[in-house]
Peer 1: 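The following block contains the structure, expressed as structure tokens.
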Number of protein chains: 2
Amino acid sequence: MSAGEQRGRKPRADVQRNRAALLETAQRHFLQHGVGTSLEAVAKEAGVGPGTLYRHFPTREALLAAVLQTRSEELVARQADIDQLDDPAEALEQWLRAMEEYFSAFSGLPDPLMAAARAQEPDNPLTIPCDILISATDQYVRAAQLAGRVRASVRGNDLFLAACSVAWIKGTGTEEESLDRLRMLIASGYRQQDTRA
Amino acid sequence: MSAGEQRGRKPRADVQRNRAALLETAQRHFLQHGVGTSLEAVAKEAGVGPGTLYRHFPTREALLAAVLQTRSEELVARQADIDQLDDPAEALEQWLRAMEEYFSAFSGLPDPLMAAARAQEPDNPLTIPCDILISATDQYVRAAQLAGRVRASVRGNDLFLAACSVAWIKGTGTEEESLDRLRMLIASGYRQQDTRA
DNA sequence: CATCAAAACGGATGCTGCCTCCGTACACAC
DNA sequence: GTGTGTACGGAGGCAGCATCCGTTTTGATG
């Protein structure tokens, strides 16, 4: 019985090769043309037929989620660094920045991401990552609240939405200066003002 | 010389009829299916061919801008009410709410709107409305700042972006409760805290 | 009322992208 | 070398965009 080794029986070679080629090409196209890029073009450039692409990734979201996996790991890595920080307010701030950059990896990414965040459908491959991000944000928020650096009324979800918004605006081509001003506005919104007179 | 009456010579009847039908139908479709709705379907339901639609409105944005014209007038009407208010902070708040509702008239509207806001192309029919909104916002901001109710660092453009963001998130189907929390966050960001101890 | 020219119509058309289905070819096991 | 099941890939059907041009409608004119 070969049940113990690898489930089923055999991981084929060309499958992995094609999958890798697709992911690599897809990432490039997402970067250059946004999440709405032509999947046919991706398949062609990866040297496979459309059918192969759709067998590996049945929907655009599935492909997107797979490509995002890599970035997601980078985010987790950054999280480790952030957790080392002493100042919980600083940690929250850096975490928000990291999320924002993650969200704006590709132009147009925030839309499917938000769609996934609200969706109940458990088959949406983007839903799970979103949930993780929201609860992680909540962690940082609570820590900063315990230190009295963030308003008590703020929730992780609120700042998740805010980060998403900034990423969305960034994706529309707004100048960096306006973005910075918006970030400041949001920061003023969640920071606990010094209660001393 | 008929130059004085109407410029050129004659406004044809069917033109106005078709234009009106197109606008009416387009508004319905934008409401039901968002700004990405099929223009072919709009044409067919309005009882005209695709060619006619494209002659009247060469681009999707042109059609959108024309439909928005109506809403735009409602906004101006509300502006008149708002200007009557004594409290400039209250006026700003209501203005932001009015803008937000305007932006979320159709799902997907914020995207082309932001694209227009940054664009230099003067042929984009949405660009002009955006400029007007931004400077109007700036007016309200300045008034509230003079009354000491809004941080000095805030600009009209910042709150324009914020309103756009909220409208965008609203369009993604987020629950009203989360939206309210986000609005609060933003409000905390621009309001001037009472400087008394 | 008849006629005319300009203006507007509208659908046929070509194109791109999505997604599926199925005959074929390949990879691995024996 | 042979067989079997898995994966391939491209042809094809569909929908939407945008254009072009022969035909119809409209208002002006005598």
Side-chain angles (χ1 to χ4, degrees), chain A residues 1-26 29-30 32-66 108 111-112 115 123-125, chain B residues 1-26 29-30 32-66 108 111-112 115 123-125:
Chain A
M1 285 191 290
S2 56
E5 279 261 310
Q6 290 149 348
R7 56 174 159 168
R9 228 159 96 200
K10 43 184 173 181
R12 242 169 94 159
D14 51 349
V15 171
Q16 293 177 309
R17 191 156 33 83
N18 283 333
R19 184 185 159 89
L22 280 169
L23 284 176
E24 201 277 331
T25 310
H29 279 240
F30 282 148
Q32 287 178 11
H33 311 294
V35 295
T37 194
S38 160
L39 297 188
E40 260 187 346
V42 170
K44 190 187 292 185
E45 197 177 309
V48 306
T52 299
L53 189 153
Y54 283 102
R55 194 169 334 98
H56 280 272
F57 309 102
T59 69
R60 184 181 294 271
E61 278 93 35
L63 178 56
L64 194 52
D111 291 81
D123 53 347
N124 185 326
Chain B
M1 287 191 288
S2 56
E5 279 259 310
Q6 291 149 348
R7 57 171 159 168
R9 233 161 94 200
K10 43 181 173 181
R12 244 170 92 156
D14 50 351
V15 170
Q16 295 177 308
R17 191 156 32 83
N18 284 332
R19 185 185 158 90
L22 280 169
L23 284 176
E24 201 277 330
T25 310
H29 278 240
F30 282 149
Q32 286 178 11
H33 312 295
V35 296
T37 194
S38 158
L39 296 188
E40 261 186 347
V42 170
K44 188 187 292 185
E45 196 177 309
V48 305
T52 299
L53 187 152
Y54 283 102
R55 193 169 335 98
H56 280 272
F57 309 102
T59 68
R60 183 180 295 270
E61 277 92 36
L63 177 56
L64 194 52
D111 291 81
D123 52 348
N124 185 326

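These numbers come from the heavy atoms of this one structure, side chains and all, not from hydrogens, waters or symmetry mates. Convention: sequence-line order gives letters A, B, ...; per-chain numbering from 1. Computed from a prediction, not measured in an experiment: that's the story for all the values here.
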Peer 1: What's the closest nucleotide to the A13(A) side chain, out of dG10(D), dC28(C), dT19(D)?
Peer 2: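 Nucleotide nearest to A13(A)'s side chain: dC28(C).
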Peer 1: What's the closest nucleotide to the V15(B) side chain, out of dG9(D), dT19(D), dA8(C)?
Peer 2: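 Output: dA8(C).
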Peer 1: Taking C-beta and beyond as the side chain, do H56(A) and V15(A) meet within less than 4.5 Å on heavy atoms?
Peer 2: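 A side-chain contact under 4.5 Å exists here.
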Peer 1: In whole angstroms, how far is the C1' atom of dA8(C) from the NE2 atom of H56(B)?
Peer 2: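 Taking atom C1' of dA8(C) as the reference, NE2 of H56(B) is at 8 Å.
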Peer 1: Provide the closest heavy-atom pair for A66(A) versus F57(A) in the form atom of the first, atom of the second, distance.
Peer 2: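 Looking at all heavy atoms of both residues, the closest pair is CB-CE2, 3.6 Å.
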Peer 1: Indicate, with a heavy-atom threshold strictly under 4.0 Å, whether P50(A) touches base, sugar-phosphate, or nothing.
Peer 2: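 Contact class for P50(A): base.
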Peer 1: Distance check needed: dG13(D) P versus E40(A) CD, whole Å only.
Peer 2: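 Atom-to-atom, E40(A) to dG13(D), this comes out as 15 Å.
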Peer 1: Remember a base hit wins even if backbone is also touched, and classify T59(A) as base, sugar-phosphate or nothing at under 4.0 Å, heavy atoms.
Peer 2: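 No contact.
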Peer 1: Looking only at the side chain of D14(B) (C-beta and beyond, no hydrogens), which of the listed nucleotides dC18(C), dT26(D), dA27(C) gets closest?
Peer 2: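 Looking only at heavy atoms from C-beta outward on D14(B), the closest nucleotide is dT26(D).
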Peer 1: I want to check something: taking the side chain as every heavy atom from C-beta on, are L22(A) and R19(A) in contact at a cut-off of under 4.5 Å?
Peer 2: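 Answer no - side chains too far apart.
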Peer 1: Taking only the side-chain heavy atoms of T52(A) (C-beta and beyond), determine which of dA18(D), dC19(C), dG9(D) contains the nearest atom.
Peer 2: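 Ranking dA18(D), dC19(C), dG9(D) by closest atom to the T52(A) side chain puts dG9(D) first.
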Peer 1: Would you mind telling me which residue lines up with the more 5' stretch of DNA chain D, R19(A) or R12(B), judged by nearest nucleotide?
Peer 2: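 Closer to the 5' end of DNA chain D: R19(A).
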Peer 1: Provide, to the nearest angstrom, the distance between the CG atom belonging to L22(B) and the C1' atom belonging to dG10(C).
Peer 2: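 Interatomic distance, CG of L22(B) to C1' of dG10(C): 12 Å.
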Peer 1: Base, sugar-phosphate, or nothing: which does S38(B) touch, judged by heavy atoms less than 4.0 Å apart?
Peer 2: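 The answer is sugar-phosphate, as S38(B) gets under 4.0 Å only of primed atoms, P, OP1 or OP2.
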Peer 1: E45(A) CD to dG9(D) P: how many Å, rounded?
Peer 2: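 Distance, rounded to whole Å: 15 Å.
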Peer 1: Yes or no on side chain to side chain contact (heavy atoms under 4.5 Å, CB included) for F30(B) and L63(B), after CA distance, side-chain angles and deciding distance?
Peer 2: CA-CA 10 Å; F30(B) 282 149; L63(B) 177 56; 4.2 Å; yes
Peer 1: Please give, in whole Å, the distance from dA11(D) C1' to Y54(A) OH?
Peer 2: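 Rounded to the whole Å, the gap is 15 Å.
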Peer 1: I need the NZ-C1' distance between K44(A) and dG17(C), as an integer number of Å.
Peer 2: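 Distance check: K44(A) NZ to dG17(C) C1' gives 11 Å.
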Peer 1: Roughly, in whole Å, what's the span from CZ in F57(A) to P in dA7(D)?
Peer 2: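 Spelled out: CZ on F57(A) to P on dA7(D) is 14 Å.
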Peer 1: Tell me every residue that passes side chain to side chain contact (heavy atoms under 4.5 Å, CB included) with R60(B), counting only those two or more places apart in sequence or in another chain.
Peer 2: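 Once residues adjacent in sequence are excluded, the partners of R60(B) under the side chain to side chain contact (heavy atoms under 4.5 Å, CB included) criterion are L39(B).
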Peer 1: From dC9(C), dA11(D), dA7(D), pick the nucleotide closest to the side chain of R55(B)?
Peer 2: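 Minimum distance to the R55(B) side chain belongs to dC9(C).
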Peer 1: Roughly, in whole Å, what's the span from CG in N18(B) to C1' in dG11(C)?
Peer 2: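 To the nearest whole Å, that distance equals 15 Å.
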